[in-house]
Amino acid sequence: MTVNVVFASGKGGVGKSTVALNVAVALAQEGIRVGLIDADIYGPDIPAMVGITRRTPATSITLWQAQVPAVEPVEHLGVKIMSAQFLIAEDQPLDWQMPLVGLLMRRLVHDVTWGELDLLLVDVPPGTGDLQQELFTLLADPWVVLVVTPQYSAHLDGRKLVSMLQRRNIRIFGGVENMTGLDCPSCGAQMRLFEQVSEEYAIWSQGVGRLAEVPFTPADVASNAHTPLVLAAPDAPASWQLLEVARKIRSVLL
Ligand SMILES: Nc1ncnc2c1ncn2[C@@H]1O[C@H](COP(=O)(O)OP(=O)(O)OP(=O)(O)O)[C@@H](O)[C@H]1O
Ligand SMILES: [Mg+2]
């Protein structure tokens, strides 16, 4: 049986795609059969992050058809990747609303020739709108990994996501705190990048376990732009933390 794990956040830009991609690659390296859905139709970043492209633009007509041909994922770094970007033309204005968004989500989950998978990771846009709700309905017994930065706003919005998940009885595997700080290259001291939300207000006080604390990693460390950090700089502290998330998913969910 495939275990489904959604990487979600209330606030945008906190690192969902980065964490999902690195976890996917790390687990694939260990021989786990991993699929990764980039369900962010408004900003499908995963293909660009690893430098793959594919243009099989779907029109709304093919989405509406009852019988649609299955789509092949793109296998890269051992991960079967399916992105909304593969189905939408690059210059297509995205003014889609429900139910078209729902049909696209259905296609990403069910109309892909995944083959046998141990784990299906899903990268979603931030928030708790129609698209996310639809995905949680389409995926069988999903687990959620929440991604936050130490900022107040990330936890403010994250708390809303936690409430929604709890109300829908969707299981939260834990939270990843990303961009926790930056090691000063000259003195080695750790600098904070953001204000720190209080522990009492943070999502950790809502029963979300902290899976890892991933420091900010400058581009100079992650030298190859298209190689996920766990491969490009496996010894970087951020990689250890990302590998720890992968290890916990493997040991608890698989
Ligand atoms: N630990 C980190 N160190 C350095 N840069 C990071 C780190 N985590 C994420 N980033 C960078 O921050 C930006 C946002 O990350 P990412 O795209 O993964 O966030 P996201 O939550 O998926 O965003 P969105 O909500 O737009 O989908 C990217 O440019 C990414 O490379
Ligand atoms: Mg993203």
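Both counts, for ligands and for their atoms, begin at 1 and track the order of listing. Residues: numbered from 1 along the sequence shown. The structure displayed is predicted, hence computed values, not measured ones.
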Polar side chain donor-acceptor pair, [X] to [Y], under 3.5 angstrom:
X	Y	answer
Thr113	Glu72	yes
Asn178	Thr149	no
Thr128	Arg168	no

Item to check | Atom indices of ligand 1, in the order listed, that fall short of 4.0 Å to a heavy atom of Gly12 | outcome: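 Those atoms are 25 (O).
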Checklist entry - Just which atoms of ligand 1 are under 4.0 Å from any heavy atom in Asp40? => result 27 (O)
Can you find an N/O atom of [X] closer than 3.5 Å to an N/O atom of ligand 1?
X	result
Asp123	no
Val124	no
Lys11	no

Checklist entry - Can you tell me if Asn22 uses its side chain to pair, donor with acceptor, with the backbone of Leu229 under 3.5 Å? => result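 The answer is yes, because a donor-acceptor pair under 3.5 Å joins these two groups.
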Checklist entry - Has Arg192 got its NZ or CZ under 6.0 Å from the middle of the six-membered ring of Phe216, at an angle within 45 degrees of the ring axis? => result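 No, Arg192 does not lie over the aromatic ring of Phe216.
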Residue-ligand contact [X]/ligand 1, heavy atom below 4.0 Å:
X	answer
Gly43	no
Ala219	no
Ala238	no

Checklist entry - With a cut-off of 2.8 Å, does Ser17 place any N/O/S atom under that distance from the Mg ion (ligand 2)? => result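 It does; at least one qualifying atom falls short of 2.8 Å.
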Item to check | Part of Val147 within contact of ligand 1 (heavy atoms, under 4.0 Å) | outcome: neither
